[in-house]
There are 2 protein chains.
Amino acid sequence: MPGKGKWQNRFSGHGRRWTMPRETILQQLSRTKKHQSPKEIFSAINKFNPGIGLTTIYRTLELLDKMGVIHKLRIGDGQVRYELQGKEKEDHHHHLICTSCGKIIDYFDFIDEEMELIKKTEKALTKKHNFVINNHNIEFYGLCEKCR
Amino acid sequence: MPGKGKWQNRFSGHGRRWTMPRETILQQLSRTKKHQSPKEIFSAINKFNPGIGLTTIYRTLELLDKMGVIHKLRIGDGQVRYELQGKEKEDHHHHLICTSCGKIIDYFDFIDEEMELIKKTEKALTKKHNFVINNHNIEFYGLCEKCR
DNA sequence: TTGTTATTGAAAATGATTATCATTGCCAAT
DNA sequence: ATTGGCAATGATAATCATTTTCAATAACAA
Ligand SMILES: [Mn+2]
Ligand SMILES: [Mn+2]
Ligand SMILES: [Zn+2]
Ligand SMILES: [Zn+2]
């Protein structure tokens, strides 16, 4: 059944429901590659759909993150940020964060080499500390073109 | 003038003052290798020195971080954490964080290889995005022995 | 010793996130 | 197509970490 919406199938039949707010929030996340905070998402949606509450945004984002549909970012600016989680290997990336203005740049360089190192490290750490690793995070901090 | 305290010289003569609260906070940070939150540091100090306020803890930690004496950690548990910043190359490490109980493990494995990759990436990113990189952060998330 | 001013601590303010709870509406079963 | 159970919602209040304010204090250069 094509045209049902890209994500609906991930909600049906799991005790979860496909609702208008969730669809709207996913649309807003799809609309840009920016890393949006709950408040930003709320503001954007609120302009044309004032019915959706900030609480729902928070809850939905948390759920989508747990489902692996989106990715939660904690740069240090006082609010959490989210971006859509691509499914392809080429979508995997990390971030360059300006400590002055908060600008975030996605970078995709050396990801292969990085993945190799990550795998090796993961393996060693899993064995050494009896730890199951599910995820990793790499970020560079510095000053962007405008701020330095 | 030896025995003046390990850090005093970093405060004198820079418009900064060497005070009892600062010394106490640095002592508390030295007392353990744990990654302590402001509140935890406050509680520990408060037991034997109830005069030092939580506000001062916050301000001092921020200052020490800016001075490069300590390192700020933002794992996702709702509060910032700090650890002493070692000066030797061997002190450089990253973290393994349990998403269930919040346990943090320092690891020092593959740091050399990592540094090589980091340098290469930094170089490329600096050129490509005209960005000055000052710092980086790497962490693995997963489940610790007890939680999995 | 003294004047300047960085530092401090108590209290209040801020601001993001979470909890509560009555209401709504999705959807599987009929 | 209807409906009953319960997941989801939204308004509101509560939490809780961090920041701001401001008057009092104390480090330290002169
Ligand atoms: Mn990104
Ligand atoms: Mn550490
Ligand atoms: Zn910038
Ligand atoms: Zn654990």
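Naming: A, B, ... by sequence-line order, numbering from 1 per chain.
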### Query
Is it true that A/E116 and A/K120 have a side-chain N and a carboxylate O under 4.0 angstrom from each other?
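Looking at A/E116 and A/K120, the cut-off is not met.
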### Query
Less than 4.0 Å between a side-chain N and a carboxylate O, is that true for B/R81 and B/E40?
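A salt bridge links B/E40 with B/R81.
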### Task
Mind checking the CD1-OG1 spacing from B/I25 to B/T60? Nearest 0.5 Å is all I need.
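B/I25 atom CD1 to B/T60 atom OG1 measures 3.5 Å (nearest 0.5 Å).
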### Query
Looking only at side chains, do A/H92 and A/Q85 share a donor and an acceptor under 3.5 Å apart?
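Result is no, nothing qualifies.
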### Message
Does either side chain, that of A/R148 or that of B/N130, offer a donor lying less than 3.5 Å from an acceptor on the other one?
### Response
yes
In this structure, how many angstroms lie between the [atom2] atom of [N] and the [atom1] atom of [X], rounded?
X	N	atom1	atom2	result
A/R81	C/dT17	CZ	C1'	15 Å
A/L63	C/dC26	CG	P	17 Å
B/R22	C/dG9	CZ	C1'	14 Å
B/I41	C/dG9	CD1	P	14 Å
B/E62	C/dT7	CD	C1'	14 Å
A/L54	C/dT18	CG	P	11 Å
A/F11	C/dG25	CZ	P	19 Å
B/Q79	C/dT17	CD	C1'	14 Å

### Nearest-nucleotide comparison on DNA chain D, the residue closer to the 5′ end among B/V80 and B/G13
B/V80
### Task
Name the residue closer to the 5' end of DNA chain D, choosing between B/T55 and B/M20 according to the nucleotide with the nearest heavy atom.
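The residue mapped nearer the 5' terminus is B/T55.
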#### Entry: Which residue lies more 5' along DNA chain C, comparing B/R17 with B/I52 via nearest heavy atoms
B/R17
### Identified side chain to side chain donor-acceptor pair (under 3.5 Å) partner of A/D106 from the options A/K33, A/H35, A/H94
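With A/D106 as partner, side chain to side chain donor-acceptor pair (under 3.5 Å) holds for just one option, A/H35.
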### Message
Using only atom types and a distance under 3.5 Å, with no angle test, would you say the side chain of B/N46 pairs donor to acceptor with the backbone of B/F42?
### Response
no
### Phosphate contact (C/dG9 OP1 or OP2) by B/T56 side-chain N/O below 4.0 Å
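Yes, such a contact exists.
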### Query
What is the nucleic acid contact for A/R59, judged by heavy atoms within less than 4.0 Å: base, sugar-phosphate only, or nothing?
base
### Query
Of all nucleotides in DNA chain D with an atom under 4.0 Å from a non-hydrogen atom of chain B, which is the first and which the last going 5' to 3'?
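Span of nucleotides near chain B: D/dA17 to D/dC28.
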